[in-house]
Number of protein chains: 2
Amino acid sequence: MSLVTDADKPTLYKRIRADIEKRILTGEWPPGHRIPFEHELVARYGCSRMTVNKALSELAQADLIERRRRAGSFVRRPQHQSAVLKIADIRAEITALGRAYGYELIGRKLRAATASDCDRLGVKKAGKVVAITCRHSADNVPFAAEDRLIDLSSVPDAATADFSREPPGSWLLHHVPWTEAEHTISAIVADDRTAEALDIAVGAPCLVIDRYTWRSARTITAVRLLYPGDSHRLVARFKGG
Amino acid sequence: MSLVTDADKPTLYKRIRADIEKRILTGEWPPGHRIPFEHELVARYGCSRMTVNKALSELAQADLIERRRRAGSFVRRPQHQSAVLKIADIRAEITALGRAYGYELIGRKLRAATASDCDRLGVKKAGKVVAITCRHSADNVPFAAEDRLIDLSSVPDAATADFSREPPGSWLLHHVPWTEAEHTISAIVADDRTAEALDIAVGAPCLVIDRYTWRSARTITAVRLLYPGDSHRLVARFKGG
DNA sequence: CACGATTATATGTCTAGACATATAAGTCAA
DNA sequence: TTGACTTATATGTCTAGACATATAATCGTG
């Protein structure tokens, strides 16, 4: 599997699309930024306008850019994310509810990936990983317990990031643009350890969310979140065809 | 709001795309069906191949069709939907697992919408509704309990549909193309009634999915599904920007 | 200054070709 | 029958143009 999708034998329009996509994803061209006009890209790549147009049209279809006649093409602010962000950034979720956000780092370990780590990250062989355990609270009431693994070969900066102040989810969101995520949701009843972490009764229902995030076929992080099941609701909105 | 996107002033390639999209969505061209070759569409619409190619390329980018060199273009089985379908069509989910699907209609009532019905459907005032209670099983083991409300002003045919044979979810899927859905997921522990319906112990964890589906701002159905929490996993995959 | 008319320009769509390339299908030999 | 080779064909990409159209910017006028 290649690092970048569609990069097997880059045709010109795919290269143009990938170039622009990369600048958007890395933040070099932030939302609202005007990307070069078609005629400028034509000059830069030395091709016909149809080739540039095809690249830009696909980016537009993917909602990465917005094209406006006479004005140009502009980087869109992520919009699909909102539904997901509600899940992805617990701090934002809690503060959006008008409640006081609390965060507590319980454990942080830097280690060479074990077999079970690789399995969790969905990779054959990872180098080093950071394992983080922490807890989120709202108005001083436990809100969610988090158990996370970050692949350092994808996110080397995570090795030195200070997770005692900033929750890893927020940190990642601001340092690593993700492109895809998969959630597996299930329900369990709280065992002793979970009950203690969430300050609920043993046997109370818990919502379990396992999220696995990657960018361009490259694993970023795997996280398990435990919520008190009766006090939390997870909202996901889809669009169908 | 218009019913069909991009239909304001249909240019030719959009018309071609919409024509094909319609046939796919209505099921006239089912998954696996080979759609006409480019040269056939060129002949039918009397345009150049690039125009047809643009329509087909967009359908391919939207994952509605798959294009294979030398073979042609084929309707894909819903796969962006698959994550959702897994939720939406329990019968398909169970049979996909290679297990025997069982369905049992427990109750069906046609009534004028009560205040609580309107609330559940998210409308101010509905006319008549159908309320359905049923149960799904896999290999004769209870799989999910369903409690559904269908808005008859949006789906009049549902009044006369025979839900004793076909589960309402499957029926709706084949009769009413949905465009958007919102899921609210939570966890509970089984009470007496739930425990009996799902044949699990009282106090066992349950996953609750409330799904609310609409099309073009028109409510179609609201459904609550109860799954045994330890035996069921819900997978959702998102794409971000 | 405010507002309507004009103009310049970037994107939107389309054509009639061209060559590249993956691959289904057919051919032939072991 | 099976495997290797050849061929036909549908899609993939690209060009150098063309005209259409929405609209930002400019210009003029009251």
Side-chain angles (χ1 to χ4, degrees), chain A residues 1-2 4-21 23-24 29 31-77, chain B residues 2 4-21 23-24 29 31-77 79:
Chain A
M1 196 185 279
S2 68
V4 182
T5 322
D6 289 336
D8 311 270
K9 192 188 283 184
T11 57
L12 184 49
Y13 95 85
K14 281 183 182 167
R15 233 188 71 213
I16 299 172
R17 171 157 69 76
D19 284 356
I20 296 170
E21 201 169 327
R23 293 193 203 234
I24 293 174
W29 287 346
H33 178 91
R34 208 210 77 225
I35 74 174
F37 294 129
E38 291 190 354
H39 65 82
E40 295 177 293
L41 293 168
V42 162
R44 176 176 324 182
Y45 288 95
C47 62
S48 80
R49 190 165 77 91
M50 277 300 279
T51 303
V52 164
N53 185 277
K54 174 152 185 157
L56 296 186
S57 294
E58 289 199 0
L59 289 170
Q61 205 195 337
D63 279 334
L64 264 170
I65 64 171
E66 183 186 347
R67 315 200 69 195
R68 288 207 300 272
R69 276 186 150 106
R70 171 66 213 259
S73 303
F74 300 83
V75 178
R76 291 194 62 145
R77 56 204 76 249
Chain B
S2 69
V4 182
T5 323
D6 289 337
D8 311 271
K9 193 187 281 185
T11 57
L12 183 49
Y13 96 85
K14 282 184 182 166
R15 234 188 69 214
I16 299 173
R17 172 157 69 77
D19 284 355
I20 296 171
E21 202 170 326
R23 293 194 205 234
I24 293 174
W29 288 346
H33 177 90
R34 209 211 75 226
I35 73 175
F37 295 130
E38 291 191 354
H39 64 83
E40 295 176 294
L41 292 167
V42 162
R44 176 177 324 182
Y45 288 94
C47 61
S48 80
R49 190 165 79 91
M50 276 301 278
T51 302
V52 164
N53 185 278
K54 174 153 184 157
L56 296 186
S57 293
E58 288 199 359
L59 288 170
Q61 205 195 338
D63 280 334
L64 264 169
I65 65 171
E66 182 185 349
R67 315 201 70 195
R68 289 208 299 272
R69 275 188 150 105
R70 172 64 213 258
S73 302
F74 300 83
V75 177
R76 290 194 64 147
R77 52 208 79 248
Q79 46 103 57

- Task: Could you tell me which residues satisfy ring pair (Phe, Tyr, Trp, His ring centres under 6.0 Å) with B:F37, sequence neighbours excluded, listed by chain and number?
- Result: B:H39
- Query: Who pairs with B:R70 by salt bridge (Lys or Arg N to Asp or Glu O under 4.0 Å), at least two apart in sequence or on another chain?
  - Reply: none
- Item | All side-chain contact (heavy atoms from CB on, under 4.5 Å) counterparts of A:A43, not counting sequence neighbours | none
- Query: Can you give one letter per nucleotide of nucleotides 6-15 of chain D, going 5' to 3': B for a protein heavy atom under 4.0 Å from the base, S for sugar-phosphate only, - for none?
  - Reply: --BBBBBBBB
- Item | Residues which pass salt bridge (Lys or Arg N to Asp or Glu O under 4.0 Å) with A:R23, listed by chain and number, not counting sequence neighbours | A:E28
- Message: Under the rule for salt bridge (Lys or Arg N to Asp or Glu O under 4.0 Å), what residues qualify as partners of B:R44, not counting sequence neighbours?
- Response: none
